[in-house]
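Each chain gets a letter, A, B and so on, in the order its sequence line appears, and its residues count up from 1.
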Amino acid sequence: DQQVKQNSPSLSVQEGRISILNCDYTNSMFDYFLWYKKYPAEGPTFLISISSIKDKNEDGRFTVFLNKSAKHLSLHIVPSQPGDSAVYFCAARSYGQNFVFGPGTRLSVLP
Amino acid sequence: EPEVTQTPSHQVTQMGQEVILRCVPISNHLYFYWYRQILGQKVEFLVSFYNNEISEKSEIFDDQFSVERPDGSNFTLKIRSTKLEDSAMYFCASSRNSGGAANEQFFGPGTRLTVL
């Protein structure tokens, strides 16, 4: 039962270009979404969040877009840097419940 | 910057043995979590803990698992009789609150458990 899907297991992007990581969910009760970044041998690190009352949230180079009707969110990284190379997890929850994580997308930013 | 710490970083044990994984959450956080990630698979929720009791647990968290906050700083996950399929990376996380922006969970670096 994959409530949160990240259909691209990996993505390669040239340094300086835009990285777009996608996430789809099936549970219409989800109302809060997070993106985490994970380096090898480290725990996930919180990046950015968005609640269902918004359709966009921006923090520096990171922007998350939420399309509730499509049950889709995306993380945009502009410009991409080599240090952004990591696994990115999308996570979602409904009110009072715990987060459900997607399987992750491995981003490689090429110099 | 405060961080969640976990010990040990790597634990090797024989099948059937008990293991205790230790975590020190961020000091002003009230909610604590354990997750696991089997190699090559997604991060899975195990259990959440608040006010000295389990608030939610997943179906993975069966009777072989238990959690405890033995003092004001540590948060432990015990696996009573380990199985081969318990081999995974176990992440501890904590959050200040359970709602809104304060729900952001801060993760520890993880403990890699290898069951032989």
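Only the side chain of B:Q37 has a heavy atom closer than 4.5 Å to any heavy atom of chain A.
One hydrophobic cluster, built from ILVMFWY side chains closer than 4.5 Å, holds both B:V47 and B:L113. No single ILVMFWY cluster, assembled from side-chain heavy atoms under 4.5 Å apart, contains both A:L66 and A:I18. One hydrophobic cluster, built from ILVMFWY side chains closer than 4.5 Å, cannot hold both B:Y31 and B:F75; they sit in different ones. Under the 4.5 Å side-chain contact rule for hydrophobic residues, B:Y90 and A:F89 do not share a cluster.
For A:P44 against B:F107, the heavy-atom pair with the smallest separation is O-CB, 3.2 Å. Summarising the geometry of B:F91 relative to A:K38, their closest heavy-atom pair is CZ-CE, 3.4 Å, with the distance given to 0.1 Å. Annotation for A:F101 and B:V43: closest pair CB-O, 3.4 Å, computed over non-hydrogen atoms.
Atom NZ of A:K68 has more than 12 heavy atoms from other residues, nucleotides or ligands within 6.0 Å.
Aromatic rings of A:F99 and B:Y33 (six-membered ring for Trp) have centroids beyond the 6.0 Å cut-off, not under it.
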For this session: Please step through side chain to side chain contact (heavy atoms under 4.5 Å, CB included) for the pair B:F45 and A:R93, ending with a clear verdict.
Result: CA-CA 12 Å; B:F45 167 75; A:R93 69 159 178 115; over 6 Å; no
